[in-house]
Trainee: 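Have a look at this one before I ask anything.
Sequence lines set the chain letters: A, B, ... in the order given, protein chains first and strands last, and positions in each chain run from 1.
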Amino acid sequence: MIGKLNGFIRKVSDFGAFLSSVFMILITLLIGLEVLLRSVFDTTTHISTEYSTYFFIALVSLGLAYTMKENGHIRITLLTGRLKGKAKMVQEILTTVLALIISLFLLYFSVLMTYETYSLGMQADTVSETPLYISQLAIPVGVLLLTFQLIGRILGIIYDFRSTDT
Amino acid sequence: MISDPLILSIVLFGFMFLLLFAGLWIGFSLFAAGVFGMFIYDLNLPPVLSIWDKIGSLMANSMYNSLNSWSLTALPLFIFMGEILFRTKISTKLLNGLVPWLSSVPGKLLHINVVACSLFAAVSGSSAATTATVGKITLEELKKRGYDRQLALGSLAGAGTLGFLIPPSLIMIIYGILSDTSIGKLFIGGIIPGVILAGMYSLFIIVRILLNRNLVPQLKEKYTFTEKIKASYELIPVLFLIIIVLGGIYMGVTTPTEAAAIGVIGAFVLAAVFKNLSWENFKSSLTNAVKTSCMICFIIAGAGFLSQVVAFIGIARALSEFIVSLGLNAWMLILIVGFMYFLLGMILDGISIVVMTLPIVLPIVLEAGYHPLWFGIFLVIMVELSQITPPVGFSLFVIEGISGENITTILKATFPFFIIMASMVLILLLFPDVVFFLPSKKTVLFIFHCGVLL
Amino acid sequence: ADVKMNLNAIYGQNSFHTQGAMYFADLVEEYTDGSVDITVHPGGSLGFKGPELLKAVKDAQVPMSDILMGVVAGSEHVFGISSLPRLASSFDEAKELYEDTKPLYKEAAAKWNQKFLYAAPWPPSGLVTKNKVETAADIKNAKIRTYDKNGANFLRELGAAGISMPWGEVYSALRTGLIDGVLTSAESAKNGKFWEVLGHFNNINYAFPLNMVTINKDYWDSLSDEQQKAMLKAAAETEKHQWESSEAKTKEALNVIEENGIVISQPSEKFAEQMDAAAKVIVNNYLEDASSETEKVLEKYIK
Ligand code: NA
Ligand code: NA
């Protein structure tokens, strides 16, 4: 059961990374197009700076969970690297729970931020007049995935410890 | 509630180090320290406002604002470019092409990080991007060929920070605007210190090799001139890339940020020409680039939030004011200021440091008789130092991301290069002319403005 | 009771609006006998960027802020007025326009849970270019950096390409020839030392964009009557001081860039007509979404 749930969470994180990759490609193409239009056709997309930055926000937010899954986020292991067995498990669980609390806190307030930006009708001061909530949307989504991945991590630690214990 | 900023800062950073050493991820530690800082600070809120709302909304807003940055957008692209080059054997070609030329220099290919970073620094405005791109190309190749890992990692960390010193430079632009100094002169002023620094890195490598021959593979080969030329054909792909990226900037076709995208496209073109980018390679370069970018940017977001809290609490301001109150002579002043930047640089990112301290520090430093141009270069080197000091050093994180080595190993490898960089600060103090020499030459300015130089 | 507040300022220590905020903070300290202590944080060091500031003050993320009105026009339409092109052609006209629109600004600020304290103009934007500009034909297809959507649309109407680009990249873009000019004030041209890269300043009085300082309503309500009165007195004096010094700064900046070799010119009659026609498109477009009060105020200023 735990294994299945964890497997599902890992798939969701992978999907986030897939979206991140798509945004990486989109940034490249958009800037490439801007350079082409400007240098050859004396015109501009008007939105290249703005939207590649939005895509970048999405790239980072949506990839956070996958990076956690792949142990890509870094931590200082100078002291904790010596821990073994149960002590190691307790340390892992405590830090992951702490991260989960921060993640939940960030999730709640980023949902609030995005919702308010939406309901107040805030727009960017650019030619595109893009509603600002669109540029913020990826943050709550990405932090949600990260929250799931942290929960999955806790489950995984308990599961592993049990299975190695027996 | 604590109201004295100096005590506040000690408590705050004590708490942060506790989390870091407990093994909490760095990004999360920074966020947590920020929350903690807001709590212990005497906020003076009107009764109708909740502190939780205030902290939470600041945190969400700061996450958004840290990432909503055009210049940061180039970072994942440079990392992506490095990943592609790494997987398409273009990096192998680069090293093959350079072997014959460097074979007579003690240290041989170990100089590649210094050479490539100096070149690449002329393309990118940030040190993290320089480190990421060059490191991805060189580290694995050096390992495969049996070069000393420590020297490879350390020289990358040291030379990567040239990204800020050799123009274009993000930090110089910010400093120039804030301090009313000519950005053009700052750019030129950074060139000689940059070259000296690169030279000292290479010199250090040579000395290490002369003391211990085992740090490089023992392939004592002699190359004839024709062989050297022949091998140089291998350099063509990389030269092509450098030319389109650098050329794009200096011919006025792209901005430095846009150049990153042109670099990615160029890397794809090369991969297509040499037909060695498989679908699998493509996918793994993308996901790896995503992973490294997310790791760094999550820490940047955390550092952004912590910086915001530090600004609210007034720590940088208090430190600067404290230094002023000491009434020091010019020498002591600059040493203390340098030490303060060293301390701040341990935990904050470079741009925050500059923005937060400059309003107070700059007038004092100018009052003491230092030239704004000189102080700008001094500041850039201090910011470069902050890139490689723990616990928050972005170059260190980048190297951890691309090499897979743990942070302790990287720190040990970086230490000698940190010392070299610190001695560069002394050189600046003793020989301020290294900054003024080029900008005082009218012709250099002229050539530079025509965009021909470099 | 003693109150401590942070005031967010986006621009650097030496910039005109940050100096104004500091002037205000000093006056407040004086008039309240030190019972209201405002700390100005320059250079955006509190981590705010601009478009979110109306909301940031509303939610008391920061108690007070200096806000560029144009950049929050996407949140509240009325704040877009001062960045409309060519409504005012002198400081006197700009002041008149401001007095006429002030009630609208106060009302809008109140809607966003904040109290409007004062506003002052940026020195007016001109056209800083490599080559001399006599009519619109001289900027045909030229790449000119602007700071907002009005500027981009205005330049497009004139036949040029408005490029949006962060201020930090402008200098090197000018140097490498990526862009041909900048729509900005003499003051910014002076601070950016644009004589190193550009040759001409056409004094087109494009707009007199306003910056305002507001305070969160909950913080405001927590002040005593005397403290509030003292704050308003300080605000009125700061406003007067800032308007005068904006005008003085403009003259001084024009002198400095001229001394450093930039040729200053006034728009020809033909160019003025072309610009007014272009401006009309932008203003009409703006009025489509404007309230009837706004429309009534602006009628007087549309050429
Ligand atoms: Na650089
Ligand atoms: Na550091």
Side-chain angles (χ1 to χ4, degrees), chain A residues 27 30-58 60-61 102 105-140 143, chain C residues 49-56 58-59 61 67-77 79-80 83 108 111-113 139-156 159-170 173 176-180 209 282 285-286 289:
Chain A
I27 297 172
L30 181 57
I31 297 179
L33 178 69
E34 168 73 20
V35 172
L36 181 75
L37 285 182
R38 201 177 51 216
S39 54
V40 181
F41 300 100
D42 274 335
T43 179
T44 163
T45 60
H46 282 296
I47 55 152
S48 137
T49 313
E50 184 189 3
Y51 272 76
S52 41
T53 312
Y54 295 164
F55 293 163
F56 168 70
I57 299 172
V60 174
S61 305
I102 299 165
F105 188 66
L106 190 56
L107 176 63
Y108 174 74
F109 281 99
S110 58
V111 168
L112 207 65
M113 170 181 76
T114 312
Y115 176 72
E116 283 199 347
T117 305
Y118 165 75
S119 61
L120 292 168
M122 293 166 73
Q123 288 178 354
D125 171 44
T126 52
V127 177
S128 68
E129 299 187 334
T130 307
L132 283 177
Y133 81 90
I134 291 181
S135 65
Q136 297 176 339
L137 207 53
I139 295 180
V143 176
Chain C
K49 289 200 168 162
E52 81 280 37
L53 278 172
L54 217 43
K55 182 169 173 292
K58 170 182 163 290
D59 300 340
Q61 284 175 34
I67 304 174
L68 174 60
M69 282 190 188
V71 91
V72 293
S75 304
E76 188 60 48
H77 200 61
F79 289 128
S83 49
K111 196 174 133 197
W112 285 76
N113 190 41
I139 50 170
K140 187 149 181 58
N141 290 337
K143 294 166 197 133
I144 296 171
R145 188 263 180 185
T146 62
Y147 49 86
D148 65 359
K149 67 164 191 293
N150 289 341
N153 291 334
F154 176 75
L155 286 167
R156 196 185 53 217
I163 304 279
S164 72
M165 162 185 298
W167 188 248
E169 286 192 340
V170 170
T176 61
L178 178 68
I179 51 173
D180 309 302
I282 315 300
N285 189 17
Y286 175 82
D289 298 324

Trainee: Chain C heavy atoms under 4.5 Å from A:L132: which part of the residue, side chain, backbone, both or neither?
Mentor: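 Side chain of A:L132 only, per the 4.5 Å heavy-atom cut-off to chain C.
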Trainee: For A:S39, which residues count as a side-chain hydrogen bond (donor to acceptor under 3.5 Å, both in side chains) partner, sequence neighbours excluded?
Mentor: none
Trainee: Under a 4.5 Å heavy-atom cut-off, does chain C meet the side chain of A:T126, its backbone, both or neither?
Mentor: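 For A:T126, backbone heavy atoms alone lie under 4.5 Å from chain C.
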Trainee: Within a strict 4.5 Å, meaning less than it, do heavy atoms of the A:T45 and A:Y51 side chains meet?
Mentor: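 Counting from C-beta outward, A:T45 and A:Y51 never come under 4.5 Å.
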Trainee: Among residues at least two apart in sequence or on other chains, which ones pass side-chain hydrogen bond (donor to acceptor under 3.5 Å, both in side chains) with C:E76?
Mentor: C:K111, C:W112
Trainee: Is the backbone of A:L107 close enough, under 3.5 Å, to the side chain of A:S110 for a donor and an acceptor to pair up by distance?
Mentor: yes
Trainee: Quick one: which of C:P51, C:S75, C:A73 has the most heavy-atom pairs under 4.5 Å with chain A, could you say?
Mentor: C:S75
Trainee: Which residues in residues 114-122 of chain A have any heavy atom lying under 4.5 Å from a heavy atom of chain C?
Mentor: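 Counting heavy atoms that sit under 4.5 Å from chain C, the residues of residues 114-122 of chain A involved are A:E116, A:T117, A:L120, A:G121, A:M122.
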Trainee: How far does CG of C:L54 sit from CG of C:D59, to the nearest 0.5 angstrom?
Mentor: 10.5 Å
Trainee: Once you round to the nearest 0.5 Å, how far does CD1 of C:I282 lie from CZ of C:R156?
Mentor: 7.5 Å
Trainee: Would you compute the distance between atom CZ of C:F154 and atom CD1 of C:I144 and round it to the nearest 0.5 angstrom?
Mentor: 10.0 Å
Trainee: With sequence neighbours excluded, tell me which residues meet salt bridge (Lys or Arg N to Asp or Glu O under 4.0 Å) with C:E52.
Mentor: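 None.
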Trainee: Taking side chain as everything from C-beta outward and backbone as N, CA, C, O, which of these in C:D148 sits under 4.5 Å from a heavy atom of chain A? Side chain, backbone, both or neither.
Mentor: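 It is both, since atoms from each part get that close.
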